[in-house]
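In what follows, a single structure is set out as structure tokens and then discussed.
All values below were derived from every heavy atom in this structure, side-chain atoms included, with hydrogens, water molecules and symmetry-related copies excluded. All figures in this text were calculated on a predicted structure; none of them were measured in a lab. Just so you know, ligand 1 is whichever comes first in the structure, and atom 1 is the first atom listed for that ligand.
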Amino acid sequence: MNVFVTGASGWTAAPLLEALHLAGHSVIGFDLAPLSFAAPGLLAHHLGDIANFKSVRVAIEDASPEAVIHLAIAIGENDYLEPGRPFAVNVQGTYHVFEAARQAGVRKFVLISSAPVHLPQSGSGIRAAEASWESSPREDHLYDLTKRLQETIARDFSATFGLEVVVLRAGHIVDGQTDRDAKSRDLADLQYCRGGWVCRHDLAQACLLALGLDKPGYTAFHIIGASEARRYFDIDRTEKMLGLKFTNRFENYFP
Ligand SMILES: NC(=O)c1ccc[n+]([C@@H]2O[C@H](COP(=O)([O-])OP(=O)(O)OC[C@H]3O[C@@H](n4cnc5c(N)ncnc54)[C@H](O)[C@@H]3O)[C@@H](O)[C@H]2O)c1
């Protein structure tokens, strides 16, 4: 199928574009930045800002895709010092992508969300993928809140317009094949979110499975490979319902 991917130039999208190609899909990318890696089978790559509705609408209309995978997110160094950019890109931009997809008759939508934004602030126990939530009161609040609002938009488009939406709530994304993170740091030296990592290649496989999932309505899954995460998230459900087999559980990194 033809798949429209936002945030296609990002580190997280690189193995996804490769996996989509290997699975026989054609990709149309959309990003602020040009691609910095080889992407065989890419039909087109649109340079644009998801905060600009017209730019997204024209690109999706032109691509006429069967499915959309939405990864784009504000990542500028100072983007989270003020609310303007996170709301314009993460929230309004997400609305733009959903609305342009709806207008173009797209039926399948995969949203890359975040699992850590759903960690309970108090208490313990397993976090269910479709439970309600509270936000982090700390410095991550703006990122966390805008990621949660993306899920609200996704739920709304599914309930109101019948879009088939799969939300993939990823853990902290690293590369378990090279044992590096997005900044090329050795995982042995990385403490951030240890116990909550997911390999970007496993996330790419989760996207492929989400495209093939035959389930109407709104469905959310936690996508975290690290074994430790099973104490907090319903990973068994992800494996059973989505059929995902994590290739990297990062057991060597957790005592
Ligand atoms: N990085 C993580 O550990 C992590 C964890 C959980 C979820 N996620 C989610 O995964 C997705 C990918 O995020 P990432 O942090 O890996 O970043 P990334 O490295 O994949 O980069 C995001 C891409 O989005 C593009 N982009 C930014 N603003 C844009 C705009 N206005 N219009 C079009 N394109 C734009 C950037 O140019 C970049 O190529 C996001 O939805 C993010 O919330 C990331």
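- Among Lys147, Arg200, His70, the residue whose heavy atom lies closest to atom 41 (O) of ligand 1 is Lys147.
- By the 3.5 Å distance cut-off applied to N or O atoms, His172 is counted among the residues near ligand 1.
- Ion pair Asp189/Lys183 not flagged as a salt bridge, since none of the NZ, NE, NH1 or NH2 atoms sits closer than 4.0 Å to an Asp/Glu carboxylate oxygen.
- Nearest protein heavy-atom contact of atom 10 (O) of ligand 1 is Ile112 CG2, 3.4 Å.
- Of all atoms in ligand 1, numbered sequentially from 1 with element shown, those under 4.0 Å from a heavy atom of Asp49 are 30 (C), 31 (N), 32 (N).
- Ligand 1 has at least one atom lying under 4.0 Å from a heavy atom of Ser113.
- Residue Ser114 places no N or O, backbone or side chain, under 3.5 Å from any N or O of ligand 1.
- Assignment of Thr6 to the shell around ligand 1 is not supported, since no heavy atom sits closer than 4.0 Å.
- Near Ser9, meaning under 4.0 Å from one of its heavy atoms, ligand 1 places the atoms 39 (O).
- With respect to Arg107 and Glu164, no salt bridge is recorded, no charged nitrogen being found less than 4.0 Å from a carboxylate O.
- Between His46 and Phe4, the ring planes lie tilted relative to each other; the angle falls in the 30° to 60° range.
- Heavy atoms of Gly171 come nearer than 4.0 angstrom to ligand 1 in at least one pair.
- Nearest protein heavy-atom neighbour of atom 36 (C) of ligand 1: Asp31 OD1, 3.4 Å.
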Please assess Phe98 against Phe109 for the test ring-ring contact (aromatic ring centres under 6.0 Å, His included), listing each intermediate value before the final yes or no. CA-CA 8 Å; Phe98 268 99; Phe109 202 110; 3.6 Å; yes
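- Counting protein heavy atoms only, atom 34 (N) of ligand 1 is closest to Leu32 N, 3.3 Å.
- Of the protein's non-hydrogen atoms, the one nearest atom 26 (N) of ligand 1 is Ile73 O, 3.8 Å.
- Of all atoms in ligand 1, listed by their number and element, those nearer than 4.0 Å to a heavy atom of Tyr143 are 8 (N), 42 (C), 43 (O).
- For Arg85, the heavy-atom gap to ligand 1 drops under 4.0 angstrom.
- Shortest contact from atom 14 (P) of ligand 1 to any protein heavy atom: Thr12 OG1, 3.9 Å.
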Evaluate the side chain to side chain contact (heavy atoms under 4.5 Å, CB included) criterion for residues Leu244 and Phe246: first the C-alpha distance (whole Å), next the side-chain angles of each, then the deciding distance (0.1 Å), finally the verdict. CA-CA 6 Å; Leu244 180 62; Phe246 290 97; 3.5 Å; yes
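- Ion pairing of Asp181 with Arg185 is present here, as a side-chain N (NZ or NE/NH1/NH2) and a carboxylate O approach within less than 4.0 Å.
- Between Ala51 and ligand 1, no N or O atom pair is found at a separation short of 3.5 Å.
- Counting non-hydrogen atoms of neighbouring residues, nucleotides and ligands closer than 6.0 angstrom, the CD atom of Glu99 exceeds 12 such neighbours.
- Using a 4.0 Å cut-off between a side-chain N of Lys or Arg and a carboxylate O of Asp or Glu, Arg249 and Glu239 qualify as a salt bridge.
- Taking any N or O of Ala13, backbone or side chain, none lies under 3.5 Å from an N or O belonging to ligand 1.
- Using a cut-off of 4.0 Å between Lys/Arg side-chain N and Asp/Glu carboxylate O, Arg169 and Glu151 are scored as salt-bridged.
- A salt bridge between Arg200 and Asp175 is present, with a side-chain N of the basic residue lying under 4.0 Å from a carboxylate O of the acidic one.
- Residue Ala170 approaches ligand 1 through these ligand atoms, each under 4.0 Å from one of its heavy atoms: 6 (C).
- At the top of the distance list for atom 19 (O) of ligand 1, counting protein heavy atoms only, stands Trp11 N, 3.4 Å.
- Residue Ile173 has at least one nitrogen or oxygen atom sitting less than 3.5 Å from a nitrogen or oxygen atom of ligand 1, judged on distance alone.
- Side-chain contact between Leu242 and Ile223: present, with at least one pair of heavy atoms (C-beta onward) separated by less than 4.5 Å.
- Under a 4.0 angstrom heavy-atom cut-off, Gly48 registers as being in contact with ligand 1.
- Contacts between Ile75 and ligand 1 below 4.0 angstrom, taking non-hydrogen atoms only, involve the side chain exclusively.
- Here's the thing with Leu71: one of its N/O atoms is less than 3.5 angstrom from an N/O atom of ligand 1.
- Screening Val56, Val5, Val68 for a side chain to side chain contact (heavy atoms under 4.5 Å, CB included) involving Phe30 leaves a single residue, Val56.
- Ion pairing between a basic and an acidic side chain is recognised when a charged N comes within 4.0 Å of a carboxylate O; Glu82 and Arg85 show no such pairing.
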Determine, step by step, whether Phe157 and Tyr95 satisfy the ring-ring contact (aromatic ring centres under 6.0 Å, His included) criterion, reporting the C-alpha distance in whole Å, the side-chain angles of both residues, the deciding distance to 0.1 Å, and the verdict. CA-CA 9 Å; Phe157 270 82; Tyr95 172 82; 5.7 Å; yes
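- At the top of the distance list for atom 32 (N) of ligand 1, counting protein heavy atoms only, stands Ile50 N, 3.0 Å.
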